[in-house]
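Notes to accompany the following structure.
We name chains A, B, ... by the order of the sequence lines, and we start the count at 1 in each one.
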Protein chains: 2
Amino acid sequence: MFQLNLKDHSPLYQQIKEQMKTMIISGALKADEKIPSVRELAQMLTINPNTIQKAYKELEQEGFIYSIRAKGSFVTPRDNILKEVRINELMTNLEKTVRELIYVQVPCQQVVLYIKKLYAEEGSTADD
Amino acid sequence: MFQLNLKDHSPLYQQIKEQMKTMIISGALKADEKIPSVRELAQMLTINPNTIQKAYKELEQEGFIYSIRAKGSFVTPRDNILKEVRINELMTNLEKTVRELIYVQVPCQQVVLYIKKLYAEEGSTADD
DNA sequence: CTTCTGTATTAAATATATTAGTACAGTTAA
DNA sequence: TTAACTGTACTAATATATTTAATACAGAAG
């Protein structure tokens with residue numbers, strides 16, 4: 001389910017966050033689905049529960065999961081996500097990447113076609 | 001020229017790297033232009049020269065600047081940059097951002113139009 | 001020769017990340 | 001109720017990363 005790279009210089013809790021986000025976004029984890037408990041996942045990865053807790057805490061702050069005391073942590077349904085702030089962040093990120101793509105002279109068409117391909121692949125819910 | 005955010009949790013050398021890259025990509029710094037020396041910039045920002053050195057070292061490894069011993073550090077001309085690896089990184093980054101944009105249901109058209117706008121703004125050298 | 005440049009190194013100090021252990025409150029099921 | 005699970009919080013100790021400090025060397029420029 002999860003793979004940690006101990007050689008990587010990025011913190012473990014960041015790696016956990018990223019992988020959880022990827023699974024949510026890809027649809028591998030569905031709305032309101034229960035994700036492993038802090039202690040469970042810690043045991044699976046043989047790392048400290050506090051590290052998982054830190055990852056979950058930030059995922060919750062960013063709106064990707066929600067936690068219910070004594071019950072568990074669950075995937076936030078897509079429609080419940082507070083989108084506006086996140087969309088702004090994503091667009092800023094997008095701008096930065098595209099400006100550098102322009103700098104290294106990747107043609108506009110190539111970028112646009114790539115994006116359309118991504119939307120075609122799994123964009124069946126947002127293809128307006 | 002540079003602004004550091006001491007409150008930010010991102011390392012100073014990262015902030016310097018990011019700002020230098022932004023200035024290069026935006027064209028504020030031109031090809032073969034001399035950038036401030038390690039000691040100069042350290043004095044300007046009232047931080048340690050070693051921190052600047054670390055930023056410059058990575059910028060050089062990533063191909064954005066080149067350094068000549070005893071002369072200074074300079075902006076790598078765009079055409080001399082080893083692009084392939086960097087383009088791969090940028091496309092991976094782009095994919096990740098776009099997949100999340102899809103997840104939060106931003107329509108394809110909006111993304112594409114935004115990118116075309118960016119290319120139109122300053123893409124006069126890569127508008128094929 | 002003097003002053004500037006990049007580069008390198010070592011040591012100390014600070015900040016961040018991780019582990020370890022413990023505790024509390026609430027849920028679930030036996 | 002009891003037992004086992006959940007999230008959450010906290011402190012302390014350790015490990016790693018970052019930053020500062022102080023030097024030093026080699027080459028370029030005036």
Side-chain angles (χ1 to χ4, degrees), chain A residues 1-21 24 29 32-77 80, chain B residues 1-21 24 29 32-77 80:
Chain A
M1 193 177 188
F2 289 90
Q3 287 184 343
L4 292 186
N5 187 356
L6 297 171
K7 304 163 197 164
D8 198 344
H9 45 276
S10 85
L12 298 177
Y13 78 96
Q14 289 278 11
Q15 293 183 41
I16 293 162
K17 273 183 66 181
E18 283 306 308
Q19 291 187 37
M20 192 67 77
K21 275 179 58 176
I24 293 172
L29 293 173
D32 296 310
E33 184 172 342
K34 191 170 188 286
I35 63 177
S37 78
V38 168
R39 293 173 180 82
E40 247 177 21
L41 188 49
Q43 201 167 20
M44 287 165 59
L45 301 176
T46 60
I47 62 174
N48 196 279
N50 293 353
T51 306
I52 311 289
Q53 187 186 344
K54 185 168 187 178
Y56 280 18
K57 193 176 185 179
E58 295 196 6
L59 282 168
E60 185 168 16
Q61 285 171 344
E62 293 171 19
F64 289 96
I65 66 174
Y66 64 94
S67 299
I68 303 178
R69 198 187 189 88
K71 296 194 73 172
S73 301
F74 308 85
V75 177
T76 305
N80 295 3
Chain B
M1 192 178 190
F2 290 90
Q3 287 184 342
L4 293 185
N5 187 357
L6 296 171
K7 304 162 198 165
D8 197 346
H9 45 278
S10 83
L12 298 178
Y13 78 96
Q14 289 278 12
Q15 293 184 40
I16 292 162
K17 272 182 67 180
E18 282 308 306
Q19 291 189 35
M20 191 67 77
K21 275 179 59 175
I24 292 172
L29 293 174
D32 296 311
E33 184 173 341
K34 190 170 188 286
I35 64 177
S37 78
V38 168
R39 294 172 179 84
E40 246 177 21
L41 188 52
Q43 202 167 18
M44 286 165 60
L45 301 175
T46 60
I47 62 174
N48 196 280
N50 293 356
T51 306
I52 312 289
Q53 187 186 344
K54 186 168 186 176
Y56 280 18
K57 194 176 184 177
E58 295 197 5
L59 281 168
E60 185 168 15
Q61 285 171 344
E62 293 172 19
F64 288 96
I65 65 174
Y66 63 94
S67 298
I68 304 178
R69 199 186 188 88
K71 295 193 74 171
S73 300
F74 308 85
V75 176
T76 305
N80 296 1

B/S/- along nucleotides 25-30 of chain C (protein heavy atoms under 4.0 Å) is BBSS--
Distance, nearest 0.5 Å, that separates CE of B:Met20 from CG of B:Leu29: 6.5 Å
Using whole Å, what does the distance between atom C1' of nucleotide D:dT19 and atom NZ of B:Lys17 come to? 16 Å
Whole-Å distance between C:dA17 P and A:Gln14 CD? 8 Å
Would you check, one step at a time, whether the test side chain to side chain contact (heavy atoms under 4.5 Å, CB included) holds for B:Tyr66 with B:Asn80? CA-CA 11 Å; B:Tyr66 63 94; B:Asn80 296 1; over 6 Å; no
Can you measure B:Leu4 atom CG to D:dT18 atom P for me and round it to whole angstrom units? 16 Å
Comparing nearest nucleotides in DNA chain C, the 5'-proximal residue of the pair B:Glu40, B:Lys57 is B:Glu40
Sugar-phosphate or base contact per nucleotide [nucleotides 10-17 of chain D; S, B, -; heavy atom under 4.0 Å]: B-------
Value for OG1 (B:Thr51) from CG (B:Leu45), rounded to nearest 0.5 Å, stands at 10.0 Å
B:Glu33 atom CD: more than 12 heavy-atom contacts under 6.0 Å: yes
Euclidean distance, atom NZ of residue B:Lys34 to atom P of D:dA29 [Å, nearest integer]: 11 Å
Looking at C:dG6, I'd like to know if its phosphate oxygens (OP1 or OP2) sit under 4.0 Å from a side-chain N or O belonging to B:Ser73. yes
Between atom NZ of A:Lys71 and atom OG of A:Ser37, what is the distance when rounded to the nearest 0.5 Å? 15.0 Å
Which of these nucleotides, D:dT19, C:dT7, C:dT19, is closest to any side-chain atom of A:Ile47? C:dT19
Looking only at non-hydrogen atoms, find the nearest pair between A:Leu41 and A:Phe2 and report the distance. CD1-CD1, 3.6 Å
Donor-acceptor pair (no angle test) under 3.5 Å: B:Arg39 side chain, C:dT7 base: yes
Let me confirm one number: the CD-OG distance from A:Gln53 to A:Ser73, rounded to the nearest 0.5 Å. 10.0 Å
Report the distance from atom CD1 of B:Ile65 to atom CD of B:Gln61, rounding to the nearest 0.5 Å. 10.5 Å
Grab the CD1-C1' distance between B:Ile65 and C:dT5 for me, whole Å please. 13 Å
Give, for atom CD1 of A:Ile24 and atom OG1 of A:Thr76, the distance between the pair rounded to the nearest 0.5 Å. 7.0 Å
Can you tell me the distance, in whole Å, between the CD atom of A:Glu58 and the C1' atom of D:dT8? 15 Å
For the side chain of A:Glu58 and the backbone of A:Lys17, is there at least one donor-acceptor N/O pair under 3.5 Å apart? no
Indicate the atoms forming the closest heavy-atom contact of B:Ala42 with B:Asn48, along with that distance. CB-C, 4.0 Å
Are A:Ser67 and D:dG7 close enough that a side-chain N or O sits under 4.0 Å from OP1 or OP2? no
To the nearest angstrom, the CD-P distance between A:Gln43 and C:dG21 comes to 14 Å
Bending between helix ends of the helix from C:dC1-D:dG30 to C:dA30-D:dT1 [5 pairs per end, 10° resolution]: 20°
Rounded to the nearest Å, what distance is computed from the CG atom of residue B:Asn48 to the P atom of nucleotide D:dT23? 13 Å
Contact between A:Gln15 and A:Leu12 at the side-chain level, heavy atoms closer than 4.5 Å - yes or no? yes
